[in-house]
Structures are given as C-alpha cells and as structure tokens.
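Working notes, beginning with the structure itself.
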Amino acid sequence: FSLATAIGILEYLKNSEKIKKELFEMIVGRISFFVNSGMRFITETSKMIAFTELWDEICKKRFKVKNAKFRRFRYGMQVNSLGLTELQPENNVYRILIQMLPVVLAKNSRARAVQLPAWNEALGLPRPWDQQWSLRLQQIMAYETDLLEFEDIFSGSNVLRQKVDSLKELTLKELKNIDEIGGLTQAIESGYMKSELVKSQTLRQKNIETGLQKVVGVNCFEEGETSPLVSEVDGGFMKVDENAEKQQIENVEKWKSKRNKKKVDDLLKELKNRATDGENIMEVSIKCALSGITTGEWSDTMREVYGEYRAPTGIVSSSMKKKNQDSKEIDKLTKEIDTISTKIKRRPKMLVGKPGLDGHSNGAEQIAVRSRDIGIEVVYEGIRSTPEQLVVAAIEEGVHIIGLSILSGSHVHLVKVILDLLKKNNYAHIPVIVGGIIPPEDEKKLLKKGVKAVFTPKDFKIEDILQKITKIIKVTV
C-alpha cells in the first residue's frame, strides 16, 4: 500500500500542468517512505530488500526515471510499537533490537533513519533515560560493531532471494489489483485499503489470543520474577505534570503576542487565497512558519478552504466471523446481545471514539470490529475527534455505551471533559469505558470519576473485553 500511495502521488504530479517536466525526476528522488519493522527477522529483512528492488523497477519502468540516484528507496524506519508488551516489559528491549536488525544489516536496503521506541511505551510515556537507552542501541551498533565496514552481507543468499522474489510477486499482484480498482484515490475512498489493513490486524490479534502466534510473557512463558525496572518510585515511566498543558498554552499566547500581527494576518490571507485558487502553497507556508504562524493557524486556514477529510474506517465484520471460526464464548455473547436487543427492541449501540491527537487506531478498530461480530451496532468515525464531537455523536446516535481509546497520555483530562459534557447535557447515564496506555494510578482516578471499566495492553483477549462490555450494557439498558 505504501508503494501504491507513492505511485498515486507521482502519477498525479506527472500529469499536473503546474509541474515542470524537467523537474519530475528530481521530485521522484525526493519521495521517502516510513516503514514499520516487525519480529519476523528473515521476512522483515526480505521485505526491505524487496521494497528497494521494487521501487527501483517502478521508477525505471513506470516513470522512466533514468538517474539511478533518483530511483533509490529512501526510507526511515520505526520499530513496531504494536508488538511491545505491558506484561514482562523488560523483554521489549530484545524485541526492539531484533526489529532494528532487518533495516541496518543489509547495506543495499539499509534505512536512512532509524526510530526506536523505548522499552516501557506499553506502560506509559518514556522518561529521558528510557529514550537515551534506545538511542544507545543505535550508537553501539554504528560505532562499536564493524557492520559499516563491509558490503551487503546478505548478497548471494539463496534463502533470502527466494523470500524476496515471493514478496515481490505478491506485491506486484496487489499493485495490479489497485490499478484495476481505479488507482490510489478509488482504493482509499472505497475503503478497500483501510479494510484490508484492519482485516490483517484482526487476524494477528486473534492468533495471539488463541496462542497460534507466540508472545513471550503474554501467552507463553508467563511465569517469572518481578521486573525491578517497574518497581521504582515512578513505576518505570514518566509522570506528566498536570500543569504542563496550562504552561504550554501560556507560552503559545506569549509567543503570539510578540508577533507582527499585520504580517501574520496578511500571510494567512495570502495562504487562503492561494489554496482557494489551487496554487502552490509551499512558498507562502514557509513564510508563515518563519513569521511565527502556528501549525494550528495554518491548519485552520486549510480547513476553511478544503473542509476536513474523514477517511474510511475499514470497520466491517471480521474474517473470523465470516468463516464461522468463533469460540463458544463468542456464541454465548452473541446470544446475550440478541436477548438485550429483544428487550429494548433494537440493537444495542456503542460509540467507539478516539479523542485528542492520538493517531494509533488499531485497538479502537479491533474493538469496533469484534463488537460488531457479536451483534452490537457500532458508531466509529476514526481518529482525532474532539470531546465535543464525540458527545454530540453519542447523543444523536442514541448509544448505550461509549468506548474511548486514548494512547497519548492525556486520558485523565480527556475523560474528565467528556464526562462533564455528558453530565451538562443530562446524559451522564451513558456508561463510559476507556482503553489505552493507562498506568495503575490513573486507572484508579478514572474509575473514581465514574468510568465503568479500564483496559490496558495486558487485556489482550478481546473476548474478555467484549464480555465486560456486554455485562455493562446489560445492567444499564
């Protein structure tokens, strides 16, 4: 899908009358990718080699790029934080190392930038020391090993070549499929790409729950000594100062007061005019940044012109449901939801919401998909909603329960705002549940405020979560 996205963007630019034809190769050379790396070491290594070779071939054949420099697969890599665990979090150090190796070992497909998470990101926000520990891993690899002194150490490997060729074949087949759908825009707007991503994560999650995919410390080798890393005074992660937001708001207001207001107003007006006329906004955007215009002000101007895009969520019935692979527990929950539906003469409805700037949607999507599997009607509009938008949606849709997913560390504040808004509008009777990276102390705070249940990464069995959701709905309708 990343390759399909790049192809779609480049085809748009190639056909644009506003782009000088002689600049096109240079534009191709500026395309860069952001790649996740997972735990399957051989597959991930092969994936990056396949990416590198495919992009070179696509640029050469599809876009006729002659300069080999502009056909390079330029990418930054992020270790997949989705694979980090709250249970036995010390094991995450090894996971981070293993996931880094596929993008640094092979010279011909080596990452230009490596972004490593901290070991404790499934617990809370990392402290400066935790961030330093991850940085040291990169520095040790670069400066203490002899990796950078050699050519590509995987060159000539028959095993990797077979895997690379297999991945390339599958990728080309998918790219052809997207072309047949109508290209990138159609594949996005039809919901095809997002639904395939959600389906893939649903299968992964189910495999972990059933034990088919092993995760040490979670569904196997669960016994062990208590980690001293999490027994420190701070619990092993950073505690956010509740006054930090207030201080930052004051800083922004102070910053704004020192700007040249007329210049700011003129630039925002120019930005709006250029956007409205469909002109290139890069030059004026740079001027905006240099004149102290904030990202929020720039974004608000874009919203005035273009509106706000809400992408398809990809929430459909899961493949497990369609293949009748549900457990007896799911069958039992489905019957309970049917009973509730008969009682209230409609399907119980749940709003799944992601308030704030948190863009990690996997957890919310899996709850939405699997809730729909047992017969709950689900309202989910994707990421980055405001508390006000969620409360309005809950009231207008007549939901029976609200499920919030928050991984940004702002759960206490956001939940309080939502609960207060529900109370203000006389809808405090709607139960609220919360999931995310929530420390035990904060879990107690949320429950004390009236939240009916809190779920964290240790609650990896979605059937257990659905059981609690069903129970809450049952006692409140």
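Within the structure, every pair that satisfies the salt bridge (charged side-chain N to carboxylate O under 4.0 Å, His left out) test and touches residues 105-117, not counting sequence neighbours, is listed here: Lys107-Glu151. Pairs of residues two or more places apart, or lying in two chains, that qualify as ring pair (Phe, Tyr, Trp, His ring centres under 6.0 Å) and include a residue from residues 33-52 are Phe33-Trp55, Phe33-Phe73, Phe51-Phe73. Residue pairs satisfying the salt bridge (charged side-chain N to carboxylate O under 4.0 Å, His left out) criterion with at least one member in residues 113-128, sequence neighbours excluded, are listed as follows: Arg127-Asp130, Arg127-Glu232, Arg127-Asp234. Listed by first and then second residue, the salt bridge (charged side-chain N to carboxylate O under 4.0 Å, His left out) pairs that reach into residues 271-300 are Lys256-Glu297, Arg259-Glu297, Glu270-Arg274, Lys272-Glu304, Arg274-Glu279, Asp300-Arg303, sequence neighbours excluded. Pairs of residues two or more places apart, or lying in two chains, that qualify as salt bridge (charged side-chain N to carboxylate O under 4.0 Å, His left out) and include a residue from residues 68-97 are Asp56-Arg71.
The distance from atom CE of Met77 to atom CD of Gln99, rounded to the nearest 0.5 Å, is 7.0 Å. The distance from the CZ atom of Arg136 to the CH2 atom of Trp129 is 11.0 Å, given to the nearest 0.5 Å. Rounded to the nearest 0.5 Å, atoms CG (Leu172) and CG (Asn177) are 12.5 Å apart. Taking CG of Leu10 as the start and CG of Asn15 as the end, the distance is 11.0 Å to the nearest 0.5 Å. Distance check: Ser405 OG to His411 NE2 gives 12.0 Å after rounding to the nearest 0.5 Å. Distance check: Ile9 CD1 to Leu184 CG gives 7.0 Å after rounding to the nearest 0.5 Å.
At distances below 3.5 Å, not a single donor-acceptor pair connects side-chain atoms of Ser291 with backbone N or O atoms of Val264. Gln88 contributes a side-chain N or O that, together with a main-chain N or O of Phe221, makes up a donor-acceptor pair within less than 3.5 Å. Between the side chain of Asp442 and the main chain of Pro439, no donor-acceptor pair closer than 3.5 Å is present. Counting only distance, with no hydrogens or angles, the side chain of Asn219 and the backbone of Ile208 share a donor-acceptor pair below 3.5 Å. Side chain of Thr202 to main chain of Val198: a donor-acceptor pair is present (N/O by atom type, distance under 3.5 Å, no hydrogens or angles). With Ser257 contributing its side chain and Lys254 its backbone, the two residues share a donor-acceptor pair below 3.5 Å. Between the side chain of Lys354 and the backbone N or O of His360, at least one donor-acceptor pair lies under 3.5 Å. Tyr192 places no side-chain N or O within donor-acceptor distance of the main-chain N or O of Gln186, the cut-off being under 3.5 Å. Without hydrogens or angle criteria, Asn108 side chain to Asp152 main chain gives no donor-acceptor distance under 3.5 Å. Under the 3.5 Å distance criterion, the side-chain polar atoms of Thr5 are matched with a main-chain donor or acceptor of Phe1.
At least one side-chain heavy atom of Ile281 sits less than 4.5 Å from a side-chain heavy atom of Val284. Taking 4.5 Å as the limit, some side-chain heavy atom of Val415 sits within range of a side-chain heavy atom of Ile406.
Put simply, the residue from Lys263, Lys269, Lys262 that forms a side-chain hydrogen bond (donor to acceptor under 3.5 Å, both in side chains) with Asp266 is Lys262. Here the options are Val28, Val65, Ile7, the test is side-chain contact (heavy atoms from CB on, under 4.5 Å), and the partner is Ile58; only Ile7 passes.
Using a 4.0 Å cut-off between charged side-chain N and carboxylate O, Lys60 and Glu57 make no salt bridge. Using a cutoff of 4.0 Å between basic side-chain nitrogens and carboxylate oxygens, Lys14 and Glu11 are not scored as salt-bridged. A salt bridge does not link Arg384 with Glu308: none of the charged nitrogens is closer than 4.0 Å to a carboxylate oxygen. The pair Arg161-Asp165 meets the salt-bridge criterion, with a side-chain N (NZ, NE, NH1 or NH2) lying under 4.0 Å from an Asp/Glu carboxylate O.
Side chain to side chain, Gln162 and Asn158 fail the donor-acceptor criterion of an N or O pair below 3.5 Å. There is no side-chain donor-acceptor pair under 3.5 Å between Lys18 and Ser16.
Under a cut-off of 6.0 angstrom, the local environment of OH in Tyr143 is sparse, with at most 12 non-hydrogen atoms contributed by other residues, nucleotides or ligands. Crowding of Lys461 atom NZ: a count of heavy atoms from other residues, nucleotides or ligands under 6.0 Å not exceeding 12. Heavy-atom contacts from other residues, nucleotides or ligands closer than 6.0 Å to NZ of Lys21 number more than 12. At most 12 non-hydrogen atoms from other residues, nucleotides or ligands lie less than 6.0 angstrom from CG of Leu357. Within a 6.0 Å sphere centred on CD of Glu381, heavy atoms belonging to other residues, nucleotides or ligands number 12 at most. Summarising the local packing, CD of Glu149 is surrounded by more than 12 heavy atoms from other residues, nucleotides or ligands at distances under 6.0 Å.
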Discussion item. Walk me through whether Phe237 and Ile437 qualify under side chain to side chain contact (heavy atoms under 4.5 Å, CB included).
Written reply: CA-CA 11 Å; Phe237 53 87; Ile437 308 299; over 6 Å; no
Worksheet item: What's the verdict on side chain to side chain contact (heavy atoms under 4.5 Å, CB included) for Asp459 and Asp464, showing C-alpha distance, side-chain angles and the deciding distance?
Response: CA-CA 8 Å; Asp459 304 300; Asp464 293 345; over 6 Å; no
Discussion item. Quick one, Ser371 with Tyr380, criterion side chain to side chain contact (heavy atoms under 4.5 Å, CB included). Give me CA distance, side-chain angles, the key distance, then yes/no.
Written reply: CA-CA 11 Å; Ser371 295; Tyr380 175 61; over 6 Å; no
Practice prompt. Please step through side chain to side chain contact (heavy atoms under 4.5 Å, CB included) for the pair Leu147 and Met141, ending with a clear verdict.
Written response: CA-CA 8 Å; Leu147 177 67; Met141 179 65 72; 4.0 Å; yes
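Considering only residues two or more places apart in sequence or on other chains, Asn362 meets the side chain to side chain contact (heavy atoms under 4.5 Å, CB included) condition with Leu82, Gln201, Glu365.
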